[in-house]
Number of protein chains: 2
Amino acid sequence: MKSGLEWQGRLWLEGPEGTFLGYGRVVLLERIREHGSIARAAKSMEMSYKHAWDLLDSMTRQAGCSLVATVRGGKGGGGAVLTPAGEKAIAVFWHYHARFQNVLQEMTAKLEDVLCDEKSVDPGS
Amino acid sequence: MKSGLEWQGRLWLEGPEGTFLGYGRVVLLERIREHGSIARAAKSMEMSYKHAWDLLDSMTRQAGCSLVATVRGGKGGGGAVLTPAGEKAIAVFWHYHARFQNVLQEMTAKLEDVLCDEKSVDPGS
DNA sequence: AACCGTTATATATTGTTAAGTATAACGAAA
DNA sequence: TTTCGTTATACTTAACAATATATAACGGTT
């Protein structure tokens with residue numbers, strides 16, 4: 001990384017309605033697992049409840065099943081826990097995300113120096 | 001791709017000020033090469049001139065040299081052509097972008113079916 | 001000298017995305 | 001039956017990004 005530049009990227013799983021599973025959505029799922037409610041999960045990542053709910057709604061519609069099971073009323077007012085599908089979604093995403101990051105890192109390592117000196121246009125290995 | 005889902009991603013080269021080189025910026029450079037002016041390049045991709053100019057300015061500052069050489073006044077009012085650095089930027093980006101797309105395609109091919117049935121949480125190979 | 005389409009730059013407008021706010025329904029527990 | 005914090009939903013406001021518009025400078029050509 002002689003040039004001070006590095007390859008970066010975003011990864012998401014594309015579904016029929018656009019994004020199905022991406023970084024933010026997976027973090028949201030993890031926060032729900034951690035906090036036991038959509039409201040507290042959203043607050044913990046400075047996201048509005050509405051936005052969080054919309055994301056979950058989008059995921060649920062595209063997955064064909066709920067990734068979280070919600071409860072209204074009752075002790076504590078209700079809450080939300082991950083379904084097995086929700087757990088799997090997290091695991092699958094991080095699995096591929098790790099690969100993805102490795103590729104970016106390799107690409108950065110191979111990135112040769114500078115554009116500005118009068119050299120060839122060969123992009124490298 | 002049994003599930004109808006596919007991995008998608010965005011790739012960019014990160015510099016000191018954020019994005020240095022990404023898909024849209026590279027297409028802009030190519031359009032400048034094609035049209036010979038920033039104004040026509042921007043119009044050809046339904047981008048405002050200002051936005052195009054800002055992108056070029058950002059690239060120039062981060063590269064440490066101009067990726068396009070501009071001329072004001074004169075025949076036709078002026079224009080812009082790519083510098084060798086600009087040509088190299090295009091070549092480098094597409095080189096890595098192709099790799100990147102290959103990885104996404106491989107990942108999609110390995111993506112196993114569905115989240116919703118009661119199976120293991122194993123993310124696959 | 002006047003003209004032209006461009007670069008370069010500033011300011012205003014639009015449009016989109018997310019946050020903010022409000023309200024109703026929920027239902028176990030006190 | 002009242003209370004509680006939540007889910008679920010609608011509506012409003014704010015933040016941001018990009019477009020749109022405006023203006024000056026440029027300099028070869030006519």
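Throughout, protein chains are lettered first and strands after them, A, B, ... in sequence-line order, and every chain is numbered starting at 1.
- The listed nucleotides are C/dA8, D/dT7, D/dA8; the one nearest the side chain of A/Ser37 is D/dT7.
- No close placement of the B/Phe20 and A/Trp7 rings is indicated, their centers lying 6.0 Å or farther apart.
- OP1 or OP2 of D/dA8 has at least one side-chain nitrogen or oxygen of A/Thr70 nearer than 4.0 Å.
- Note that the CD atom of A/Glu30 and the CD atom of A/Glu87 stand 9.0 Å from one another [nearest 0.5 Å].
- In this structure, CG of B/Leu55 is placed 16 Å from C1' of C/dT9, rounded to the nearest angstrom.
- Going from atom NZ of A/Lys43 over to atom P of C/dT21 covers 11 Å, rounded to whole Å.
- Which of C/dA8, D/dT9, D/dT19 sits closest to the side chain of A/Tyr49 comes down to D/dT9.
- Atom CG of B/Asp54 and atom C1' of D/dA20 are 14 Å apart (whole Å).
- Relative ring orientation between A/Tyr23 and A/Trp94 is described as perpendicular, the plane-to-plane angle rising above 60° on a 0-90° scale split at 30° and 60°.
- Along DNA chain C, the nucleotide closest to A/Lys75 and the one closest to A/His51 are compared, and the more 5′ of them pairs with A/His51.
- Projected onto DNA chain C by closest heavy-atom contact, A/Glu46 and A/Gly74 fall at different nucleotides, the more 5' of which corresponds to A/Glu46.
- As a whole-Å value, the separation of B/Met45 CE from D/dA18 P is 12 Å.
- The nearest whole Å value for the distance from the CE atom in B/Met47 to the C1' atom in C/dT7 is 17 Å.
- Nucleotide C/dA19 holds its C1' atom 10 Å from the NZ atom of A/Lys50, rounded to whole Å.
- Taking the centre of each ring, B/Phe100 and A/Phe100 come in below the 6.0 Å mark.
- In this entry the distance linking CZ of B/Arg72 with P of D/dC26 reads 6 Å, nearest Å.
- As a whole-Å value, the separation of B/Leu28 CG from D/dA18 P is 13 Å.
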